[in-house]
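Values below: all heavy atoms of this structure, side chains included; hydrogens, waters and symmetry mates excluded.
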Amino acid sequence: MWGEDIQELHKIGYSLDDVKTTLQQSINLKVGDTEISGKEGEVINIPIWVGEILEENKMATLDTPDTITELKQATVKEQMVGEYQLATLDDLFYIRLQSQMNKLRQRDRDGVESMMIGLFRMRRGKIVRLADSTRLTADIKSRISIEERIFFESINREGETLKKRVGADE
């Protein structure tokens, strides 16, 4: 359960990050102590969660990075580094990808999901091998996403438990 809590905290943190937003109409909003205002055509920085609400209501467009292109690039890099190395993904890669996938039509989402599963399978195999043979180092931590870090740590923990159970603890 702790892994899901950590992942959820990172999702919340992501939604609080700022995003460049182009206003489609003039707005003046006040939520608690936060005030957001701007004129049509103006580009402002606002929290992602606010931007998404404005975008859903056709009041603004968000300037978010193209995570689908990042997915394609990550897949190519992962194939190139070999089977015992991990290419670098940022902490929030899958969170950002899921957010962008949620905005796609079902047909497009299926294609992106298929690519994501391919990348996930490659990385999962590598992570299992690494977690079985080493602790989570700063180098590995800098190359994996939040979800992968949780996975790595759980494999590492369960591997240690298994070693003790079978008497293979050194």
>> side chain to side chain contact (heavy atoms under 4.5 Å, CB included) for I95 and E147? Distances and angles first, verdict last.
In response: CA-CA 9 Å; I95 292 170; E147 299 84 356; 3.4 Å; yes
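- Atom-to-atom distance recorded for I48:CD1 and D17:CG is 5.0 Å, nearest 0.5 angstrom.
- Summarising the geometry of T22 relative to G41, their closest heavy-atom pair is CG2-O, 4.1 Å, with the distance given to 0.1 Å.
- At most 12 non-hydrogen atoms from other residues, nucleotides or ligands lie less than 6.0 angstrom from CZ of R135.
- Remark: K103 NZ is packed, more than 12 non-hydrogen atoms of other residues, nucleotides or ligands lying under 6.0 Å away.
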> Can you list the steps and then say if Y94 with I146 is a side chain to side chain contact (heavy atoms under 4.5 Å, CB included)?
Replying inline: CA-CA 8 Å; Y94 291 109; I146 296 302; over 6 Å; no
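- To the nearest 0.5 Å, atoms CZ (R96) and CG (D91) are separated by 10.0 Å.
- I144 approaches F152 most closely through the heavy-atom pair CD1-CB, 4.4 Å.
- Residues M101 and I68 are not in side-chain contact: their nearest non-hydrogen atoms beyond the backbone lie 4.5 Å or more apart.
- Interatomic distance, CD1 of I46 versus CD1 of I36, reported as 5.0 Å (0.5 Å rounding).
- Between atom CE of residue M122 and atom NZ of residue K77 there is a gap of 13.0 Å, rounded to the nearest 0.5 Å.
- A continuous path of Ile, Leu, Val, Met, Phe, Trp and Tyr side chains, each step under 4.5 Å between heavy atoms, connects F151 with L136, placing both in one hydrophobic cluster.
- Both I53 and L16 belong to a common hydrophobic cluster when Ile, Leu, Val, Met, Phe, Trp and Tyr are linked at side-chain heavy-atom distances under 4.5 angstrom.
- At a threshold of 4.5 Å between non-hydrogen side-chain atoms, the residues L97 and V112 count as touching.
- M115 is listed as a side-chain neighbour of K72, based on a closest heavy-atom distance under 4.5 Å.
- Two residues are said to be in side-chain contact when any heavy atoms from C-beta on lie closer than 4.5 Å; K11 and Q98 fail this criterion.
- In terms of heavy-atom proximity, D90 sits nearest to E70 at OD2-OE1, 4.2 Å.
- Separation of atoms OG1 (T161) and CG (N156) is listed at 10.0 Å; rounding is to 0.5 Å.
- The shortest heavy-atom contact between K126 and E83 is CG-O, 3.4 Å.
- With 3.5 Å as the limit, one finds a donor-acceptor pair spanning the side chains of D110 and Q106.
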> Given I140 and R149, is the side chain to side chain contact (heavy atoms under 4.5 Å, CB included) satisfied, shown in steps?
Replying inline: CA-CA 9 Å; I140 295 170; R149 189 176 311 150; over 6 Å; no
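- Side chains of Q100 and D66 form a contact here, defined as non-hydrogen atoms less than 4.5 Å apart.
- Side-chain contact between R123 and S145 is absent, with no heavy-atom pair separated by less than 4.5 Å.
- No single ILVMFWY cluster, assembled from side-chain heavy atoms under 4.5 Å apart, contains both W49 and V19.
- E40 has its side chain out of reach of L23: every pair of non-hydrogen atoms, C-beta onward, lies at least 4.5 Å apart.
- Hydrophobic clustering (ILVMFWY, side-chain heavy atoms < 4.5 Å, transitive): L130 and V128 are in one cluster.
- Between A60 and T21, the shortest heavy-atom contact is CB-CG2, 3.4 Å.
- In terms of heavy-atom proximity, L89 sits nearest to A74 at CD2-CB, 3.7 Å.
- In this structure, Q85 contributes its side chain and G82 its backbone to no donor-acceptor pair below 3.5 Å.
- Two residues are said to be in side-chain contact when any heavy atoms from C-beta on lie closer than 4.5 Å; L86 and E148 fail this criterion.
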> Should L71 and F93 be marked as a side chain to side chain contact (heavy atoms under 4.5 Å, CB included) after you check the CA-CA gap, both sets of side-chain angles, and the distance that decides it?
Replying inline: CA-CA 9 Å; L71 171 61; F93 176 79; 4.1 Å; yes
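- Under a 4.0 Å N-O distance rule, the pair R157/E160 does not qualify as a salt bridge.
- The distance from the CG atom of L29 to the CE atom of M59 is 6.0 Å, given to the nearest 0.5 Å.
- Follow the hydrophobic side-chain contacts under 4.5 Å out from M80 and you never reach L119; the two are in separate clusters.
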